[in-house]
Amino acid sequence: MNRYRMIAALALTYVVFAILLNSVGTVILQSIASFGVGKTEASLLELFKDLTIAVVSFGVASFLPLIGYRRAMILALALLGVACALMPLWPGFRTTEVLFTCVGISFALAKVGVYSSIGLLTADRAAHGRLTSTIEGTFMLGVLAGNWLFSAFINHAAPADLVWLRVYWVLAALCMLVIVLLAGSRMDESAARNTRTTTIKGSLVEMLQLFARPLVYVFLISAFLYVLIEQSFSTWLPTFNNEILKLPNAMSIQLASILPGTIALGRLAAGQALRRMHWYTLLNFCVVGMAVIVMVSLPLARGVEPGATVGWRNAPAAAWLFPLVGLLMAPIYPVINSVVLSSLPKPAHAAMTGLIVIFSALGGTLGSRITAIVFARFDGIAAFYFSLLPMSLVLLALFFFKRETDRSNSPVTVGLAAE
(Lines give C-alpha, C1' and ligand atoms only; values in the text may rest on other atoms or scores of the structure.)
Protein backbone atom coordinates (compact mmCIF):
# COMPACT_ATOMS: atom_id res chain seq x y z
CA MET A 1 0.00 0.00 0.00
CA ASN A 2 1.37 3.43 -1.01
CA ARG A 3 0.10 5.42 1.98
CA TYR A 4 1.18 8.92 0.98
CA ARG A 5 0.01 8.61 -2.61
CA MET A 6 -3.36 7.40 -1.36
CA ILE A 7 -3.63 10.29 1.12
CA ALA A 8 -2.85 12.73 -1.70
CA ALA A 9 -5.56 11.07 -3.81
CA LEU A 10 -8.08 11.39 -0.97
CA ALA A 11 -7.21 15.06 -0.50
CA LEU A 12 -7.52 15.88 -4.21
CA THR A 13 -10.80 13.97 -4.44
CA TYR A 14 -12.12 16.15 -1.64
CA VAL A 15 -10.84 19.29 -3.37
CA VAL A 16 -12.82 18.47 -6.53
CA PHE A 17 -16.01 17.90 -4.57
CA ALA A 18 -15.38 20.98 -2.45
CA ILE A 19 -15.35 23.17 -5.54
CA LEU A 20 -18.59 21.75 -6.92
CA LEU A 21 -20.57 21.20 -3.72
CA ASN A 22 -19.94 24.71 -2.51
CA SER A 23 -20.46 26.33 -5.88
CA VAL A 24 -24.20 26.28 -5.11
CA GLY A 25 -24.14 29.85 -3.79
CA THR A 26 -22.30 31.08 -6.87
CA VAL A 27 -24.52 29.11 -9.25
CA ILE A 28 -27.64 30.45 -7.50
CA LEU A 29 -26.38 34.00 -7.98
CA GLN A 30 -25.46 33.36 -11.63
CA SER A 31 -28.67 31.43 -12.37
CA ILE A 32 -30.71 34.40 -11.15
CA ALA A 33 -28.74 36.62 -13.54
CA SER A 34 -28.30 34.26 -16.53
CA PHE A 35 -31.46 32.16 -16.50
CA GLY A 36 -33.92 34.59 -14.90
CA VAL A 37 -35.05 32.32 -12.05
CA GLY A 38 -36.22 33.58 -8.65
CA LYS A 39 -34.49 33.08 -5.29
CA THR A 40 -36.89 30.43 -4.05
CA GLU A 41 -36.63 28.39 -7.26
CA ALA A 42 -32.86 28.81 -7.37
CA SER A 43 -32.58 27.53 -3.80
CA LEU A 44 -33.93 24.17 -5.05
CA LEU A 45 -30.42 23.44 -6.36
CA GLU A 46 -29.45 22.74 -2.74
CA LEU A 47 -32.36 20.31 -2.58
CA PHE A 48 -31.26 18.44 -5.73
CA LYS A 49 -27.77 18.09 -4.27
CA ASP A 50 -28.45 17.25 -0.65
CA LEU A 51 -31.49 15.00 -0.94
CA THR A 52 -29.68 12.98 -3.61
CA ILE A 53 -26.72 12.64 -1.25
CA ALA A 54 -29.03 11.44 1.53
CA VAL A 55 -30.92 8.90 -0.59
CA VAL A 56 -27.82 7.45 -2.28
CA SER A 57 -25.88 7.28 1.00
CA PHE A 58 -28.65 5.26 2.62
CA GLY A 59 -28.82 2.93 -0.37
CA VAL A 60 -25.15 2.20 -0.98
CA ALA A 61 -22.97 3.38 1.93
CA SER A 62 -22.94 0.12 3.86
CA PHE A 63 -22.32 -1.87 0.64
CA LEU A 64 -19.17 -0.04 -0.47
CA PRO A 65 -16.77 -2.47 1.26
CA LEU A 66 -18.05 -5.07 -1.22
CA ILE A 67 -16.93 -3.07 -4.28
CA GLY A 68 -14.00 -1.27 -2.66
CA TYR A 69 -13.54 2.31 -1.52
CA ARG A 70 -10.99 3.21 -4.20
CA ARG A 71 -13.20 1.91 -7.02
CA ALA A 72 -16.17 3.81 -5.60
CA MET A 73 -14.22 7.07 -5.69
CA ILE A 74 -13.13 6.46 -9.29
CA LEU A 75 -16.75 5.80 -10.30
CA ALA A 76 -17.88 8.98 -8.52
CA LEU A 77 -15.31 11.16 -10.27
CA ALA A 78 -16.15 9.69 -13.69
CA LEU A 79 -19.86 10.53 -13.26
CA LEU A 80 -18.93 14.00 -12.05
CA GLY A 81 -16.70 14.66 -15.04
CA VAL A 82 -19.50 13.79 -17.47
CA ALA A 83 -21.97 16.04 -15.60
CA CYS A 84 -19.52 18.97 -15.73
CA ALA A 85 -19.16 18.58 -19.50
CA LEU A 86 -22.95 18.87 -19.90
CA MET A 87 -23.09 22.39 -18.45
CA PRO A 88 -21.42 24.31 -21.32
CA LEU A 89 -22.90 21.95 -23.93
CA TRP A 90 -26.56 22.41 -22.84
CA PRO A 91 -26.75 25.65 -20.82
CA GLY A 92 -29.93 26.18 -18.81
CA PHE A 93 -31.36 25.96 -15.31
CA ARG A 94 -32.56 22.38 -15.89
CA THR A 95 -28.98 21.37 -16.69
CA THR A 96 -27.83 22.84 -13.38
CA GLU A 97 -30.42 20.63 -11.67
CA VAL A 98 -28.97 17.60 -13.46
CA LEU A 99 -25.45 18.68 -12.49
CA PHE A 100 -26.22 18.95 -8.78
CA THR A 101 -28.11 15.66 -8.85
CA CYS A 102 -24.95 14.02 -10.21
CA VAL A 103 -22.86 15.91 -7.66
CA GLY A 104 -25.06 14.44 -4.92
CA ILE A 105 -24.77 10.88 -6.24
CA SER A 106 -21.01 11.16 -6.68
CA PHE A 107 -20.36 12.77 -3.32
CA ALA A 108 -22.34 10.07 -1.50
CA LEU A 109 -19.94 7.51 -2.97
CA ALA A 110 -16.79 9.59 -2.55
CA LYS A 111 -17.31 10.74 1.05
CA VAL A 112 -17.95 7.23 2.32
CA GLY A 113 -14.83 6.13 0.44
CA VAL A 114 -12.69 8.97 1.82
CA TYR A 115 -13.81 8.74 5.46
CA SER A 116 -13.64 4.95 5.57
CA SER A 117 -10.17 5.04 4.00
CA ILE A 118 -8.93 7.35 6.77
CA GLY A 119 -9.54 4.54 9.27
CA LEU A 120 -7.50 2.17 7.11
CA LEU A 121 -4.61 4.63 6.76
CA THR A 122 -4.25 5.49 10.48
CA ALA A 123 -3.25 3.40 13.47
CA ASP A 124 -4.83 5.19 16.46
CA ARG A 125 -7.39 7.80 17.51
CA ALA A 126 -4.89 10.69 17.57
CA ALA A 127 -3.67 9.96 14.04
CA HIS A 128 -7.27 9.57 12.89
CA GLY A 129 -8.15 13.00 14.27
CA ARG A 130 -5.14 14.68 12.65
CA LEU A 131 -5.73 13.15 9.21
CA THR A 132 -9.47 13.90 9.37
CA SER A 133 -8.78 17.56 10.20
CA THR A 134 -6.18 17.75 7.41
CA ILE A 135 -8.52 16.22 4.80
CA GLU A 136 -11.36 18.51 5.88
CA GLY A 137 -8.91 21.42 5.76
CA THR A 138 -8.05 20.63 2.13
CA PHE A 139 -11.79 20.48 1.46
CA MET A 140 -12.13 24.09 2.56
CA LEU A 141 -9.07 25.07 0.53
CA GLY A 142 -10.96 23.63 -2.43
CA VAL A 143 -13.97 25.78 -1.54
CA LEU A 144 -11.70 28.84 -1.40
CA ALA A 145 -10.10 27.99 -4.76
CA GLY A 146 -13.52 27.31 -6.26
CA ASN A 147 -14.85 30.76 -5.45
CA TRP A 148 -11.91 32.39 -7.21
CA LEU A 149 -12.06 29.92 -10.09
CA PHE A 150 -15.72 30.68 -10.77
CA SER A 151 -15.27 34.43 -10.38
CA ALA A 152 -12.42 34.35 -12.93
CA PHE A 153 -14.88 33.14 -15.61
CA ILE A 154 -17.61 35.69 -14.87
CA ASN A 155 -17.98 38.65 -17.23
CA HIS A 156 -17.77 41.57 -14.78
CA ALA A 157 -19.34 43.98 -17.24
CA ALA A 158 -22.25 41.64 -18.03
CA PRO A 159 -22.84 39.12 -15.19
CA ALA A 160 -25.60 37.36 -17.18
CA ASP A 161 -23.13 36.35 -19.91
CA LEU A 162 -22.97 32.54 -20.20
CA VAL A 163 -19.18 32.66 -20.47
CA TRP A 164 -19.02 31.55 -16.79
CA LEU A 165 -20.09 28.05 -17.87
CA ARG A 166 -16.64 27.49 -19.39
CA VAL A 167 -15.34 26.83 -15.87
CA TYR A 168 -16.88 23.37 -16.11
CA TRP A 169 -14.39 22.29 -18.78
CA VAL A 170 -11.63 22.94 -16.25
CA LEU A 171 -13.50 20.95 -13.60
CA ALA A 172 -14.11 18.01 -15.96
CA ALA A 173 -10.37 17.87 -16.72
CA LEU A 174 -9.57 17.98 -12.99
CA CYS A 175 -11.86 14.97 -12.41
CA MET A 176 -9.96 12.99 -15.03
CA LEU A 177 -6.60 13.86 -13.47
CA VAL A 178 -7.67 12.63 -10.02
CA ILE A 179 -9.04 9.42 -11.56
CA VAL A 180 -5.58 8.74 -13.00
CA LEU A 181 -3.99 9.28 -9.55
CA LEU A 182 -6.49 6.96 -7.83
CA ALA A 183 -6.04 4.31 -10.51
CA GLY A 184 -2.30 4.31 -9.82
CA SER A 185 -2.70 4.07 -6.02
CA ARG A 186 -3.12 0.96 -3.89
CA MET A 187 -4.71 0.43 -0.45
CA ASP A 188 -5.30 -2.68 1.68
CA GLU A 189 -9.06 -2.71 2.39
CA SER A 190 -9.26 -6.10 4.12
CA ALA A 191 -9.66 -4.53 7.60
CA ALA A 192 -12.89 -2.88 6.42
CA ARG A 193 -14.60 -6.25 6.01
CA ASN A 194 -15.91 -8.78 8.49
CA THR A 195 -18.17 -11.81 8.18
CA ARG A 196 -21.24 -9.57 8.33
CA THR A 197 -20.20 -6.99 5.69
CA THR A 198 -19.49 -9.61 3.03
CA THR A 199 -23.21 -9.78 2.15
CA ILE A 200 -25.75 -7.09 1.27
CA LYS A 201 -28.09 -8.20 4.06
CA GLY A 202 -25.30 -8.18 6.62
CA SER A 203 -24.13 -4.73 5.53
CA LEU A 204 -27.64 -3.32 5.93
CA VAL A 205 -27.94 -4.89 9.39
CA GLU A 206 -24.58 -3.30 10.28
CA MET A 207 -25.96 0.16 9.51
CA LEU A 208 -29.30 -0.34 11.26
CA GLN A 209 -27.64 -1.67 14.41
CA LEU A 210 -25.74 1.59 14.78
CA PHE A 211 -29.01 3.20 15.88
CA ALA A 212 -28.92 0.98 18.97
CA ARG A 213 -26.02 3.11 20.23
CA PRO A 214 -27.06 6.37 21.98
CA LEU A 215 -23.65 7.79 20.98
CA VAL A 216 -24.61 7.52 17.31
CA TYR A 217 -27.91 9.36 17.35
CA VAL A 218 -26.63 12.09 19.68
CA PHE A 219 -23.74 12.57 17.26
CA LEU A 220 -26.09 12.68 14.26
CA ILE A 221 -28.11 15.48 15.88
CA SER A 222 -24.88 17.43 16.47
CA ALA A 223 -23.72 16.95 12.86
CA PHE A 224 -27.16 17.87 11.48
CA LEU A 225 -27.23 21.16 13.40
CA TYR A 226 -23.67 22.08 12.50
CA VAL A 227 -24.16 21.54 8.76
CA LEU A 228 -27.45 23.47 8.91
CA ILE A 229 -25.45 26.48 10.12
CA GLU A 230 -22.47 26.10 7.79
CA GLN A 231 -24.51 25.58 4.62
CA SER A 232 -26.80 28.52 5.34
CA PHE A 233 -23.73 30.77 5.59
CA SER A 234 -21.70 29.37 2.69
CA THR A 235 -24.62 29.11 0.25
CA TRP A 236 -26.10 32.57 0.82
CA LEU A 237 -23.05 34.69 1.66
CA PRO A 238 -22.45 35.69 -2.01
CA THR A 239 -26.08 36.86 -2.30
CA PHE A 240 -25.82 38.60 1.10
CA ASN A 241 -22.75 40.48 -0.11
CA ASN A 242 -24.50 41.43 -3.34
CA GLU A 243 -27.91 42.51 -2.03
CA ILE A 244 -27.23 43.66 1.54
CA LEU A 245 -23.67 45.01 1.24
CA LYS A 246 -24.24 46.30 -2.34
CA LEU A 247 -21.15 44.64 -3.85
CA PRO A 248 -20.79 43.65 -7.55
CA ASN A 249 -21.44 39.99 -8.44
CA ALA A 250 -17.82 38.97 -8.98
CA MET A 251 -16.61 40.80 -5.87
CA SER A 252 -19.45 39.28 -3.82
CA ILE A 253 -18.18 35.82 -4.73
CA GLN A 254 -14.54 36.74 -4.10
CA LEU A 255 -15.22 38.24 -0.66
CA ALA A 256 -17.37 35.24 0.22
CA SER A 257 -14.25 33.11 -0.33
CA ILE A 258 -12.88 34.50 2.94
CA LEU A 259 -15.31 32.18 4.79
CA PRO A 260 -13.95 28.89 3.39
CA GLY A 261 -10.45 30.33 3.71
CA THR A 262 -10.90 30.90 7.44
CA ILE A 263 -12.52 27.47 7.83
CA ALA A 264 -9.55 25.87 6.06
CA LEU A 265 -7.11 27.70 8.33
CA GLY A 266 -9.11 26.77 11.42
CA ARG A 267 -9.27 23.08 10.49
CA LEU A 268 -5.58 22.83 9.70
CA ALA A 269 -4.86 24.46 13.08
CA ALA A 270 -7.38 22.31 14.97
CA GLY A 271 -4.95 19.41 15.32
CA GLN A 272 -2.50 21.63 17.22
CA ALA A 273 -5.23 23.07 19.43
CA LEU A 274 -6.38 19.58 20.38
CA ARG A 275 -2.91 18.79 21.70
CA ARG A 276 -3.45 21.43 24.40
CA MET A 277 -7.12 21.20 25.31
CA HIS A 278 -9.97 18.69 25.41
CA TRP A 279 -12.15 18.55 22.31
CA TYR A 280 -15.31 19.38 24.29
CA THR A 281 -13.79 22.55 25.75
CA LEU A 282 -12.55 23.64 22.32
CA LEU A 283 -15.90 23.11 20.60
CA ASN A 284 -17.89 24.97 23.26
CA PHE A 285 -15.50 27.92 22.96
CA CYS A 286 -15.95 27.84 19.18
CA VAL A 287 -19.77 27.86 19.24
CA VAL A 288 -19.93 30.75 21.71
CA GLY A 289 -17.37 32.68 19.66
CA MET A 290 -19.41 32.15 16.48
CA ALA A 291 -22.47 33.67 18.15
CA VAL A 292 -20.46 36.69 19.29
CA ILE A 293 -19.16 37.38 15.78
CA VAL A 294 -22.68 37.13 14.31
CA MET A 295 -24.07 39.58 16.86
CA VAL A 296 -21.20 42.04 16.34
CA SER A 297 -20.96 41.96 12.52
CA LEU A 298 -24.59 41.96 11.40
CA PRO A 299 -25.47 45.40 12.86
CA LEU A 300 -22.60 46.78 10.73
CA ALA A 301 -24.40 45.52 7.59
CA ARG A 302 -27.49 47.68 8.12
CA GLY A 303 -28.01 50.75 5.98
CA VAL A 304 -25.12 50.19 3.57
CA GLU A 305 -25.48 52.51 0.57
CA PRO A 306 -24.14 51.50 -2.86
CA GLY A 307 -21.06 53.49 -3.85
CA ALA A 308 -20.09 54.70 -7.31
CA THR A 309 -17.03 52.47 -7.20
CA VAL A 310 -16.59 49.64 -4.71
CA GLY A 311 -13.23 47.93 -4.28
CA TRP A 312 -11.35 45.88 -1.73
CA ARG A 313 -10.21 48.96 0.17
CA ASN A 314 -13.64 50.52 0.68
CA ALA A 315 -15.76 47.37 1.11
CA PRO A 316 -18.10 47.50 4.15
CA ALA A 317 -16.59 46.30 7.45
CA ALA A 318 -19.18 43.51 7.70
CA ALA A 319 -17.85 41.98 4.48
CA TRP A 320 -14.51 41.39 6.23
CA LEU A 321 -15.72 40.67 9.77
CA PHE A 322 -18.54 38.19 9.21
CA PRO A 323 -16.46 35.52 7.36
CA LEU A 324 -14.16 35.31 10.41
CA VAL A 325 -16.86 33.11 11.92
CA GLY A 326 -15.22 30.36 9.87
CA LEU A 327 -12.17 30.26 12.16
CA LEU A 328 -14.38 29.18 15.05
CA MET A 329 -16.75 27.07 12.96
CA ALA A 330 -13.84 25.09 11.52
CA PRO A 331 -12.97 22.46 14.17
CA ILE A 332 -16.52 21.34 14.97
CA TYR A 333 -17.36 19.01 12.08
CA PRO A 334 -14.06 17.09 11.67
CA VAL A 335 -13.63 16.72 15.44
CA ILE A 336 -17.05 15.22 16.13
CA ASN A 337 -16.70 12.97 13.06
CA SER A 338 -13.32 11.70 14.21
CA VAL A 339 -14.53 11.14 17.78
CA VAL A 340 -17.49 9.00 16.73
CA LEU A 341 -15.61 7.00 14.07
CA SER A 342 -12.71 6.32 16.45
CA SER A 343 -15.21 4.90 18.93
CA LEU A 344 -16.44 2.28 16.42
CA PRO A 345 -14.75 -0.80 14.86
CA LYS A 346 -13.38 -0.30 11.33
CA PRO A 347 -15.95 -2.54 9.58
CA ALA A 348 -18.65 -0.16 10.88
CA HIS A 349 -16.96 2.96 9.45
CA ALA A 350 -18.64 2.75 6.03
CA ALA A 351 -22.12 2.43 7.55
CA MET A 352 -21.42 5.21 10.05
CA THR A 353 -20.07 7.48 7.33
CA GLY A 354 -23.22 6.80 5.34
CA LEU A 355 -25.28 8.07 8.25
CA ILE A 356 -22.98 11.09 8.59
CA VAL A 357 -23.52 11.94 4.92
CA ILE A 358 -27.30 11.47 5.15
CA PHE A 359 -27.79 13.72 8.16
CA SER A 360 -25.28 16.28 6.89
CA ALA A 361 -27.16 16.46 3.60
CA LEU A 362 -30.50 16.91 5.35
CA GLY A 363 -29.02 19.61 7.56
CA GLY A 364 -27.56 21.41 4.56
CA THR A 365 -30.84 21.31 2.66
CA LEU A 366 -32.90 22.56 5.61
CA GLY A 367 -30.39 25.29 6.46
CA SER A 368 -30.26 26.63 2.91
CA ARG A 369 -34.04 26.42 2.54
CA ILE A 370 -34.78 28.25 5.79
CA THR A 371 -32.24 30.94 4.91
CA ALA A 372 -33.78 31.31 1.44
CA ILE A 373 -37.29 31.75 2.86
CA VAL A 374 -36.26 34.27 5.52
CA PHE A 375 -34.02 36.07 3.02
CA ALA A 376 -36.88 36.40 0.53
CA ARG A 377 -39.53 37.46 3.06
CA PHE A 378 -37.37 39.73 5.22
CA ASP A 379 -33.69 40.26 4.36
CA GLY A 380 -30.26 38.66 4.62
CA ILE A 381 -29.59 40.18 8.04
CA ALA A 382 -32.65 38.49 9.55
CA ALA A 383 -31.72 35.25 7.78
CA PHE A 384 -28.27 35.16 9.34
CA TYR A 385 -29.55 36.20 12.77
CA PHE A 386 -31.65 33.02 12.68
CA SER A 387 -28.41 31.00 12.94
CA LEU A 388 -28.22 31.87 16.64
CA LEU A 389 -30.99 29.35 17.34
CA PRO A 390 -29.22 26.25 15.94
CA MET A 391 -25.99 27.46 17.60
CA SER A 392 -27.74 27.26 20.96
CA LEU A 393 -28.98 23.77 20.12
CA VAL A 394 -25.44 22.70 19.13
CA LEU A 395 -24.20 23.56 22.63
CA LEU A 396 -26.90 21.33 24.11
CA ALA A 397 -26.19 18.49 21.68
CA LEU A 398 -22.45 18.62 22.41
CA PHE A 399 -23.14 18.16 26.14
CA PHE A 400 -24.99 14.89 25.52
CA PHE A 401 -22.46 13.82 22.88
CA LYS A 402 -19.60 14.13 25.38
CA ARG A 403 -21.59 12.19 27.98
CA GLU A 404 -22.19 9.32 25.56
CA THR A 405 -18.58 9.38 24.37
CA ASP A 406 -17.35 9.05 27.95
CA ARG A 407 -19.70 6.11 28.47
CA SER A 408 -18.64 4.33 25.28
CA ASN A 409 -14.97 4.70 26.17
CA SER A 410 -15.36 3.46 29.74
CA PRO A 411 -13.55 0.16 30.54
CA VAL A 412 -16.83 -1.71 31.02
CA THR A 413 -18.29 -0.56 27.69
CA VAL A 414 -15.08 -1.24 25.80
CA GLY A 415 -14.93 -4.73 27.28
CA LEU A 416 -18.49 -5.50 26.24
CA ALA A 417 -17.83 -4.20 22.71
CA ALA A 418 -14.76 -6.44 22.43
CA GLU A 419 -16.83 -9.46 23.39
Tell me, do W236 and Q231 make a side-chain contact under 4.5 Å, heavy atoms counted? no
Is any side-chain heavy atom of I229 closer than 4.5 Å to one of M290? yes
Pairwise side-chain contact, F240 with L298, heavy-atom cut-off 4.5 Å (strictly under): yes
Taking atom types as modelled, find out whether Y115 and E136 have a side-chain donor-acceptor pair closer than 3.5 angstrom. yes
Between Y168 and F150, is the ring centre distance below 6.0 Å? yes
Note, V170 side chain near L174 side chain (heavy atom, < 4.5 Å): no
Side chain proximity check, Y14 to F107, heavy atoms < 4.5 angstrom: yes
CE/M73 to CG/L80 distance, rounded to the nearest 0.5 angstrom? 14.0 Å
Just so I know, are the side chains of I263 and F139 near enough to count as touching, which here means a heavy-atom distance under 4.5 Å? no
Could you check whether K402 makes a cation-pi contact with Y280, meaning its NZ or CZ is under 6.0 Å from the centre of the six-membered ring and within 45° of the ring axis? yes
Beyond-backbone contact of L255 with P323, side-chain heavy atoms, under 4.5 angstrom: no
How are the rings of F322 and F384 set to each other: parallel, tilted or perpendicular (split at 30° and 60°)? parallel
Under 4.5 Å between any side-chain heavy atoms of L86 and L99, yes or no? no
Would you please indicate if the ring centroids of F153 and W169 are separated by under 6.0 Å? no
Under 3.5 Å: donor-acceptor pair, side chain of S116, backbone of G113: no
How long is the gap from OG1 on T13 to CG on L181, to the nearest 0.5 Å? 7.5 Å
